Amino acid sequence: MKIITVVGARPQFIKAATVSRAILEHNKINPLNKIEELIVHTGQHYDTNMSDVFFDEMDIPKPIYTLNVGSGNHGAMTGRQLEKVEEIILKEQPDYVLVYGDTNSTLAGALAAAKLHIPVVHVEAGLRSFNMEMPEEINRILTDQISSVLFCPTNTAMNNLRNEGYQNKNCKIYNVGDVMYDAVMYYSSKSRRPNSVNIERKFVLATIHRADNTDSNERLSNIVSALNKIHKTIPVVCPVHPRTKKHILNLEVKPNFLMVDPVSYFEMIWLLDNCSAVVTDSGGLQKEAYFFKKFCITMREQTEWVELVNEKVNFLVGNDPVLIVNKVMEALENEEESRFEGKSLYGDADAAARIVKCLSEKLA
Ligand code: UD1
């Protein structure tokens, strides 16, 4: 069986690391039923610290094709990716095209395959924020619609698909758990402190990269002011996405907290393990905070990971600076509280193996 995996952005490298490793393990045990995986990197993320470092550190098989499509407006970026992925699919004639998550690379890979009648496998299917202004929401809805095999990470995702009538569609749907949980469990012993961070413990980990927050001066200023205020009480460490860096430099309000370059996965899990709380607008980091039993203050109005909000370990605060500061302070006061024990919201850390088993047995 031949699979083309299309990746392009940072979180997809982490997800692909787990499934690619499971494919290699499957091939060792099943030499007569091997899965050949060809990785295609669209080049959506291209800086060394946004891309190469993940492949090196996590031992992800090197991409067979690197498309160097780079950044741009969403239509242009997705269009360029679509054209190039199509050429590769035509040449390689895979049995499946595998895509992860909700980025422009996800949509381009899925669309190129579906138009050529190659079944699309979507890992992290069924998630919804119900906010169509987010580019990710458009990407995930469209990708689900044209996928033949949908691997959901949560019960909520399964329910979302049911509510949209997917049981009447010609596709297969599985709840396998979350591949990011696999990644944390597998790699956490390899975590290491970033050289750029000289604090051992007692800090707040912050990240900001959503277009919604970075591309509005007002929203970004609110967030920077809030982080400045928190930093007066406890150090705030913020690995800064290139998009955010560009916009922060143009603000009137200047950041006083510790801004460092983007960190690798091993460094990020060190930060998660050693911080006192997380404040973010990332999707993935909300779950990772939970895996490390840290409260997460989410600077968005909605989240796809609603079970964390229901469990009262994740708090949606939008970009209201007072609410951000208050919720972080509250989280710090309750830091020792172990309300996370015993809950397995994201499966059993065997999602990648289950995906590969489905691919090799049920669909072959
Ligand atoms: C993308 C995904 C988002 C995901 C995020 C993870 C979409 C629509 N968004 O957002 O869902 O959470 O990746 O990080 O696909 N840039 C660089 N170097 C890089 C990459 C980006 O300088 O290696 C800069 C460019 O100026 C670019 C900007 O960052 O214009 C934004 O990059 P882009 O890929 O458009 O979106 P992300 O914000 O990274």
Side-chain angles (χ1 to χ4, degrees), residues 6-17 41-56 63 66-82 85 99-111 122-125 127-129 131-144 153 178-180 183 206-216 219-220 223 238-250 259 261-265 267-268 278 280-289 296 298-300 302-305:
V6 180
V7 292
R10 194 165 52 170
Q12 290 164 334
F13 309 142
I14 298 164
K15 293 163 195 168
H41 185 335
T42 64
Q44 179 171 348
H45 286 175
Y46 43 87
D47 288 351
T48 304
N49 57 14
M50 298 285 285
S51 174
D52 296 0
V53 67
F54 294 87
F55 282 84
D56 294 343
T66 302
L67 309 183
N68 295 320
V69 160
S71 307
N73 290 337
H74 285 231
M77 188 205 292
T78 314
R80 285 199 302 269
Q81 293 174 354
L82 179 64
V85 174
V99 294
Y100 295 93
D102 54 19
T103 72
N104 293 339
S105 300
T106 313
L107 178 60
L111 194 50
H122 187 201
V123 173
E124 221 181 55
L127 296 176
R128 299 288 182 266
S129 67
N131 176 357
M132 283 300 275
E133 284 184 13
M134 286 176 70
E136 293 83 6
E137 183 75 354
I138 299 170
N139 291 339
R140 56 172 87 98
I141 289 176
L142 296 181
T143 302
D144 282 346
D178 189 343
V179 289
M180 287 186 72
T207 77
I208 323 152
H209 80 274
R210 287 274 151 207
D212 194 30
N213 282 332
T214 56
D215 298 4
S216 148
R219 287 183 74 96
L220 192 56
I223 291 171
C238 181
V240 187
H241 185 289
R243 170 216 288 285
T244 313
K245 191 172 181 182
K246 229 181 334 184
H247 286 89
I248 273 189
L249 294 176
N250 295 327
M259 296 209 301
D261 284 339
V263 293
S264 74
Y265 184 67
E267 291 170 338
M268 185 52 103
V278 175
T280 188
D281 59 8
S282 154
L285 212 61
Q286 293 176 51
K287 277 174 303 162
E288 288 170 328
C296 184
T298 301
M299 298 180 290
R300 285 172 48 188
Q302 315 85 9
T303 179
E304 307 76 69
W305 308 105

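Ligands are counted one by one from 1 in listed order, and the atoms in each one are counted from 1 as well. None of the values given here were measured: they were computed from a predicted structure.
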Checklist entry - Quick one: which of His74, Gln44, Met134 has a heavy atom closest to atom 15 (O) of ligand 1? => result Gln44
Next on the checklist: I need the atoms of ligand 1 closer than 4.0 Å to a non-hydrogen atom of Arg10, numbered in the order shown.
Outcome noted: 14 (O)
Checklist entry - Do any nitrogen or oxygen atoms of Ser105 lie less than 3.5 angstrom from nitrogen or oxygen atoms of ligand 1? => result no
Next on the checklist: Testing the 3.5 Å rule here: is there a donor-acceptor pair between the side chains of Gln302 and Asn131?
Outcome noted: yes
Item to check | atom 18 (N) of ligand 1: nearest protein contact (heavy atom, Å) | outcome: Asp47 OD2, 3.0 Å
Checklist outcome for this item: Honestly, for Arg243 the part within reach of ligand 1 (heavy atoms, under 4.0 Å) is both
Checklist entry - What is the closest protein heavy atom to atom 35 (O) of ligand 1, and at what distance does it sit? => result Met77 CE, 3.4 Å
Next on the checklist: Regarding ligand 1, does Asn139 bring an N or O atom to under 3.5 Å of one of the ligand's N or O atoms?
Outcome noted: no
Item to check | Parallel, tilted or perpendicular: rings of His41 and Phe13 (30°, 60°) | outcome: tilted
Next on the checklist: Looking at every heavy atom in both Pro239 and Met268, which two are closest together, and how far apart are they?
Outcome noted: CG-CE, 4.3 Å
Checklist entry - In the protein, what heavy atom is nearest to atom 17 (C) of ligand 1, and what distance, to one decimal place, separates them? => result Tyr46 OH, 3.2 Å
Next on the checklist: Counting only heavy atoms closer than 4.0 Å, does ligand 1 sit against the backbone of Pro11, its side chain, both, or neither?
Outcome noted: side chain
Checklist entry - Closest non-hydrogen protein atom to atom 2 (C) of ligand 1, residue and atom name please, with distance? => result Thr103 CG2, 3.8 Å
Checklist entry - With no hydrogens and no angle check, do the side chains of Tyr46 and Ser71 hold a donor and an acceptor under 3.5 Å apart? => result yes
Item to check | SB check Arg300 Asp212 (cutoff 4.0 Å) | outcome: no
Next on the checklist: Give me the nearest non-hydrogen protein atom to atom 26 (O) of ligand 1 as residue plus atom name, then the distance to 0.1 Å.
Outcome noted: Lys246 NZ, 2.8 Å
Next on the checklist: My understanding is that we take every heavy atom of each candidate and find the minimum distance to atom 12 (O) of ligand 1. Doing that for Gln81, His209, Arg140, which one comes out nearest?
Outcome noted: His209
Item to check | Test: Arg210 and Glu136 ion pair at under 4.0 Å | outcome: yes
Checklist entry - Where do Gly284 and Met180 come nearest, in terms of heavy atoms and distance? => result CA-CE, 3.9 Å
Item to check | Pair Thr207-Thr280, side-chain donor/acceptor within less than 3.5 Å | outcome: yes
Checklist entry - Nearest protein heavy-atom contact for atom 29 (O) of ligand 1: which residue, which atom, what distance? => result His241 CE1, 3.4 Å
Item to check | Within reach of ligand 1, part of Asp102 (heavy-atom separation under 4.0 Å) | outcome: side chain
Item to check | Check: Glu136 N/O within less than 3.5 Å of ligand 1 N/O | outcome: yes
Checklist entry - Where is the nearest protein heavy atom to atom 14 (O) of ligand 1: which residue, which atom, and how far? => result His45 CE1, 3.2 Å
Checklist entry - Is the shortest side-chain N to carboxylate O distance from Glu304 to Arg128 below 4.0 Å? => result no
Item to check | Asp281-Asn213 side chain donor-acceptor pair, cut-off 3.5 Å | outcome: yes
Checklist entry - When you look at Asp215 and Arg243, which way does the salt bridge (charged side-chain N to carboxylate O under 4.0 Å, His left out) test go after all the steps? => result CA-CA 9 Å; Asp215 298 4; Arg243 170 216 288 285; 3.5 Å; yes
Next on the checklist: For atom 25 (C) of ligand 1, what's the nearest protein heavy-atom neighbour? Residue, atom name and distance, please.
Outcome noted: Ser71 OG, 3.4 Å
